[in-house]
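Here's the structure, in structure tokens; my notes come after.
All ligand and atom numbering here is 1-based and tracks the order in the structure.
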Amino acid sequence: MRTYIIFVMTFGFLYMIKSHVAQKECHKHCKCTIVPSKKRQAICTGRDLHYIPQFPDAITSVIMSGTNLTHIGENGFQNLTGIRLKDLKLHSNLISFIHEYAFVNLKYLASLRIVQETHLEVNVIKVSVG
Ligand SMILES: *[C@@H]1O[C@H](CO)[C@@H](O)[C@H](O)[C@H]1NC(C)=O
Ligand SMILES: *[C@@H]1O[C@H](CO)[C@@H](O)[C@H](O)[C@H]1NC(C)=O
């Protein structure tokens with residue numbers, strides 16, 4: 001009985017530590033490729049996805065492609081502020097609005113590519129990055 005209790009306590013404790021340090025997982029609609037000192041990229045696709053999810057800490061490049069991301073509010077990039085995001089590509093989503101302050105907290109961003117967002121007015125982008 002005593003051995004059993006110690007056993008349960010030890011594993012309970014280890015489990016707690018593990019879940020505390022656990023990496024954020026790659027979202028089910030994304031594919032994360034992490035090759036240290038080479039590629040640290042996440043590609044998210046699918047019309048079921050209507051927000052930018054959380055990513056593992058190592059990710060530095062994110063591609064959102066063919067999602068149902070329509071409206072990016074002031075905090076719409078919130079989940080990208082916890083990683084060292086350098087490249088962001090938005091491709092063929094259904095984006096019609098990006099808030100002018102949405103990019104403010106993306107401190108490491110060096111490259112932004114917005115491709116085939118036919119619903120997005122150019123004026124909106126000018127305001128955002130201007
Ligand atoms: C951040 O990601 C979580 C799940 O990964 C999601 O539920 C949440 O809506 C996202 N937040 C924003 C602001 O997009
Ligand atoms: C995208 O999401 C909106 C609601 O946020 C929904 O009305 C629309 O049908 C979705 N589009 C697709 C192609 O799934």
Side-chain angles (χ1 to χ4, degrees):
M1 187 61 193
R2 213 169 129 196
T3 318
Y4 175 75
I5 289 173
I6 291 171
F7 179 84
V8 168
M9 279 175 64
T10 307
F11 277 85
F13 186 63
L14 288 178
Y15 181 77
M16 269 168 56
I17 292 178
K18 184 174 173 289
S19 40
H20 185 68
V21 298
Q23 280 272 347
K24 282 169 217 90
E25 302 206 341
C26 196
H27 189 274
K28 63 177 174 179
H29 285 105
C30 308
K31 190 176 177 302
C32 298
T33 309
I34 299 170
V35 182
S37 80
K38 274 200 180 150
K39 205 174 181 187
R40 297 156 178 270
Q41 185 181 64
I43 303 177
C44 304
T45 53
R47 292 286 184 228
D48 291 346
L49 190 60
H50 55 87
Y51 56 84
I52 298 181
Q54 292 180 306
F55 295 100
D57 293 343
I59 294 296
T60 59
S61 168
V62 169
I63 298 174
M64 300 293 296
S65 173
T67 71
N68 194 357
L69 193 59
T70 51
H71 181 100
I72 299 176
E74 189 169 355
N75 300 314
F77 292 136
Q78 185 67 42
N79 284 331
L80 298 175
T81 59
I83 58 173
R84 288 174 164 267
L85 183 73
K86 290 193 196 123
D87 302 301
L88 176 62
K89 184 175 178 186
L90 304 171
H91 178 252
S92 301
N93 302 289
L94 301 170
I95 301 173
S96 58
F97 176 81
I98 301 179
H99 192 281
E100 59 179 307
Y101 295 149
F103 295 97
V104 166
N105 290 318
L106 301 179
K107 287 178 284 191
Y108 306 97
L109 194 65
S111 160
L112 170 67
R113 284 167 294 167
I114 300 179
V115 186
Q116 300 241 328
E117 295 294 353
T118 51
H119 296 67
L120 187 62
E121 280 187 50
V122 174
N123 281 339
V124 178
I125 305 175
K126 270 205 274 189
V127 170
S128 300
V129 297

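Tracing side-chain contacts under 4.5 Å through hydrophobic residues (I, L, V, M, F, W, Y), one never reaches I63 starting from F77; they form parts of separate clusters. No chain of hydrophobic side-chain contacts below 4.5 Å, direct or via other Ile, Leu, Val, Met, Phe, Trp or Tyr residues, connects F97 to L94. Using a 4.5 Å cut-off between side-chain heavy atoms of Ile, Leu, Val, Met, Phe, Trp and Tyr, with links allowed through other members, L69 and L112 fall into the same hydrophobic cluster.
Between the side chain of N93 and the backbone N or O of T67, at least one donor-acceptor pair lies under 3.5 Å.
More than 12 heavy atoms of other residues, nucleotides or ligands sit less than 6.0 Å from atom CD of E74.
H27 and Y51 share a side-chain donor-acceptor pair at under 3.5 Å.
At least one N or O atom of N68 sits closer than 3.5 Å to an N or O atom of ligand 2.
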Pairs under 3.5 Å, nitrogen or oxygen of ligand 1 with protein nitrogen or oxygen:
{"residue": "ligand 1", "atom": "2 (O)", "partner": "N79", "partner atom": "ND2", "Å": "2.3"}
{"residue": "ligand 1", "atom": "5 (O)", "partner": "Q54", "partner atom": "N", "Å": "3.3"}
{"residue": "ligand 1", "atom": "11 (N)", "partner": "N79", "partner atom": "ND2", "Å": "3.1"}

